[in-house]
Number of protein chains: 2
Amino acid sequence: MEFTRRLLEQFLVLAEEKHFGRAAERLAMSQPPLSQAIQRLERGLEVTLLDRGPGGIRLTPAGAAFAVEARRLLDAQSAAVERVRRVARGLEGDVRVGYVSILSHHHLPRLLRAAADELPGLRVLVHQDTTATLVDMVRSGTLDLAFIRDPSPVTDELTLRAFADERVVAALPHEHPLAGADAIALGELHADAFVLPSSTTLPGLAAQAQLACRDAGFTPRCRAEADDLSGLLGYIAAGLCVGLLPEDLRHFPVPGIAFVPLRETSPYLRTTVAAVHRPDADAAVHRLLDLIARQRNQ
Amino acid sequence: MEFTRRLLEQFLVLAEEKHFGRAAERLAMSQPPLSQAIQRLERGLEVTLLDRGPGGIRLTPAGAAFAVEARRLLDAQSAAVERVRRVARGLEGDVRVGYVSILSHHHLPRLLRAAADELPGLRVLVHQDTTATLVDMVRSGTLDLAFIRDPSPVTDELTLRAFADERVVAALPHEHPLAGADAIALGELHADAFVLPSSTTLPGLAAQAQLACRDAGFTPRCRAEADDLSGLLGYIAAGLCVGLLPEDLRHFPVPGIAFVPLRETSPYLRTTVAAVHRPDADAAVHRLLDLIARQRNQ
DNA sequence: GAACTCCATATGGTCAACCATATCGAAATG
DNA sequence: CATTTCGATATGGTTGACCATATGGAGTTC
């Protein structure tokens, strides 16, 4: 016994019409095969669905129940097909997204909000980790997509898309003598203690800071390293260190910290946000990437 | 495109094995037709379900989604069949049951409790009305089953099953001089005012009371008629009337009323409870009737 | 009782589903 | 480069699903 859509439809029409002849007409077929189809159905279910009285037919209670179930089965099938097609088109489903801590306050929430608005069927599962680990997870397929601050460790078969290019600015405690300046030269910080992103979490940003300072004629005294954003900002807000950080942190006002632009225009004082994914990423990932690209143009 | 159970099963096994050869083996078929079946499925859905990489296959996100949906569809089908069969066997479904008010305190709740225990899948929809209306509703198919006190109006094609035969006893206000007696003769009430069931609601019981009194040598003075049980009992408890009522009302102690057996053994002083239904009633009704029959033997 | 209604049965034809065997082609392996 | 692995393709056969027309048979109606 197979519950062909056709068979279910035949029964449903018959249940409505309560008349083999009229039902057959609506089904664009002749009456005898409809009789046979319903008989097959009843034999398959081992249940009598109709009371064939003279002058027409009536549904048995089982028949009425099956009419409901048949409708449900048809709907369930259509829904299943719809769902699968939406998943295939990337309009529904799960996307596992990784990100580094430093993006958690601005770029990530912006993306999540946009995704929720424009791709409400998508479930974005987020995971924070170090740059290297994220890249490995994308490579191995544990993540579909990762947002990193620094493309340096991405060398091989992965696809990389930069989507924000920002200046690095000085992050100073409010009590720092230069905290009120419009702009400063990096060299003015040569005597300060620095907090740097840990080289495992954000290798690129840490290295860039070193190089920028070298170009400015000094080696930064590194008092602390921090794994994550709140660690970095904590040291600065506490007045213990100064930092060199992407200017997007401005969007997230932290009490006790002033962000001051630098006069230098070195490539070491610029930083990008990039999305990494496997080139064979599925449709949902591409939807997300498109969304990012569109956002950038706004 | 039809979602044959076979086809869904084929996909599910393949999704588990991730290998056409092994899946085909488990499905007791050779590999090529399995390939074709999956291709048909993909063409039908217009969705790629598998990534055929060298060294095996992987499910696409849509494929994974469809695996879930396929399992659901199969389960839904089985559930539908199960449900319909249970309805056909009378283990599930709705039964519309009518009853007269006088049964509401004892016989009906007993039945409902027993039904809930032994036929938990059955939904019993109850409706209270007069005897005549109930019988009409059963005849017309508005009700499946009705419990009445008095079979008199059931004359035609309906089936009747008596399931309780009880004495009629005197219902006296506590302050009545005979309220404390072990038993009384009906004649002792010849001077009392009576409350009788209304002749529309319970025609049999009203007529029986009249006849019993006539046999005892007097015509009862009827001070009141009541449509329902609380009306009847209300008049008695208020001390305004005496009544002749089925002894099952004892099970429902009413403050202010004493039930006193009668010495007479007239057929007019016996009353039955009966179930009425159409002879072609469905399985659920017969389950209920069987349940009543079994209860009676306990 | 003749005509009619309505569903069941009988018979036959078409076609797609389903399966098998044999073979191909691409990629990985040693 | 030969071999192996693994899925796709080619070809052919069987079967059941599905439909049509013609007919039967029970019950109703005039």
Side-chain angles (χ1 to χ4, degrees), chain A residues 1-60 63 67 70 73-74 77 157 279-280, chain B residues 1-60 62-63 66-67 70 73-74 77 157 279-280:
Chain A
M1 249 302 293
E2 286 297 341
F3 292 136
T4 319
R5 272 202 305 283
R6 175 67 171 167
L7 182 56
L8 295 178
E9 191 198 359
Q10 287 170 332
F11 177 71
L12 284 173
V13 171
L14 179 59
E16 268 187 41
E17 295 286 349
K18 300 193 194 315
H19 188 286
F20 274 85
R22 281 195 301 274
E25 196 178 350
R26 260 182 63 185
L27 290 161
M29 63 189 292
S30 57
Q31 170 262 317
L34 179 58
S35 279
Q36 289 171 5
I38 302 300
Q39 283 171 30
R40 262 203 315 279
L41 182 59
E42 289 181 308
R43 252 182 297 127
L45 288 169
E46 300 170 330
V47 161
T48 303
L49 300 173
L50 301 175
D51 276 339
R52 280 102 166 152
I57 55 179
R58 269 182 25 234
L59 288 176
T60 62
L73 287 180
L74 285 177
Q77 257 194 34
E157 78 278 10
D280 61 346
Chain B
M1 248 303 295
E2 285 299 341
F3 293 136
T4 320
R5 271 203 304 284
R6 175 67 170 170
L7 182 56
L8 296 179
E9 191 198 0
Q10 287 170 331
F11 178 72
L12 283 173
V13 170
L14 179 60
E16 267 187 42
E17 294 286 348
K18 300 193 193 317
H19 188 287
F20 275 84
R22 282 195 300 275
E25 195 177 350
R26 259 182 62 186
L27 290 161
M29 63 188 293
S30 57
Q31 169 262 318
L34 179 58
S35 277
Q36 290 171 4
I38 302 300
Q39 283 171 31
R40 264 203 316 278
L41 182 59
E42 288 181 310
R43 252 182 296 127
L45 288 170
E46 298 170 333
V47 161
T48 303
L49 300 173
L50 302 175
D51 276 338
R52 280 98 167 154
I57 55 179
R58 267 182 28 232
L59 289 176
T60 62
F66 188 67
L73 287 181
L74 285 177
Q77 259 195 34
E157 78 278 10
D280 61 346

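- Taking a 6.0 Å sphere around CZ of A:Arg22, one finds it holds more than 12 heavy atoms contributed by other residues, nucleotides or ligands.
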Handout entry: Sequence-aligned protein contact record of nucleotides 16-27 of chain C, with B where the base is within under 4.0 Å of a protein heavy atom and S where only the sugar-phosphate is
Key = --SBBBB----S
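- Sorted by first then second residue, the salt bridge (charged side-chain N to carboxylate O under 4.0 Å, His left out) pairs that include residues 25-43 of chain B, not counting sequence neighbours, are B:Glu16-B:Arg26, B:Glu17-B:Arg26, B:Glu42-B:Arg52.
- At whole-Å resolution of the value, CD in A:Glu9 and P in D:dC18 are 12 Å apart.
- The line from CG of A:Leu12 to CG of A:Leu27 is 10.0 Å long, rounded to the nearest 0.5 Å.
- The interatomic distance linking A:Arg43 (CZ) with C:dA8 (P) rounds to 12 Å, in whole Å.
- Summarising the geometry, the separation between CD1 on A:Ile57 and C1' on D:dA26 is reported as 16 Å, rounded to the nearest angstrom.
- Of the inter-residue distances, the one linking B:Lys18 atom NZ with B:Arg58 atom CZ reads 9.5 Å to the nearest 0.5 angstrom.
- Distance CD/B:Gln10 to CZ/B:Phe20: 10.5 Å, rounded to 0.5 Å.
- For the contact set between residues 12-20 of chain A and DNA chain C, defined by any heavy atom under 4.0 Å, the members are A:His19, A:Phe20.
- Close to C:dA8, at under 4.0 Å from its OP1 or OP2, lies a side-chain N or O of A:Ser35.
- When all heavy atoms are compared, the tightest approach of B:Ala62 to B:Val47 is CB-CG1, 3.6 Å.
- Between A:Gln39 and the phosphate of C:dT9, there is a side-chain N or O to OP1/OP2 separation shorter than 4.0 Å.
- Here the CZ-CG distance, from A:Phe11 to A:Leu41, works out to 6.5 Å after rounding to the nearest 0.5 Å.
- Put simply, the side chain of B:Phe3 reaches to within 4.5 Å of the side chain of B:Leu45, judged on heavy atoms.
- Atom CD in B:Glu25 sits roughly 16 Å away from atom C1' in D:dG7 (whole-Å rounding).
- Taking atom CG of A:Leu49 as the reference point, atom P of C:dC7 lies 15 Å away to the nearest angstrom.
- Across B:Asp51, B:Ile38, B:Leu50, a single residue satisfies side-chain contact (heavy atoms from CB on, under 4.5 Å) together with B:Ile57, and that is B:Leu50.
- Spacing between atom CZ of A:Arg52 and atom C1' of C:dT9 amounts to 13 Å, rounded to whole angstrom units.
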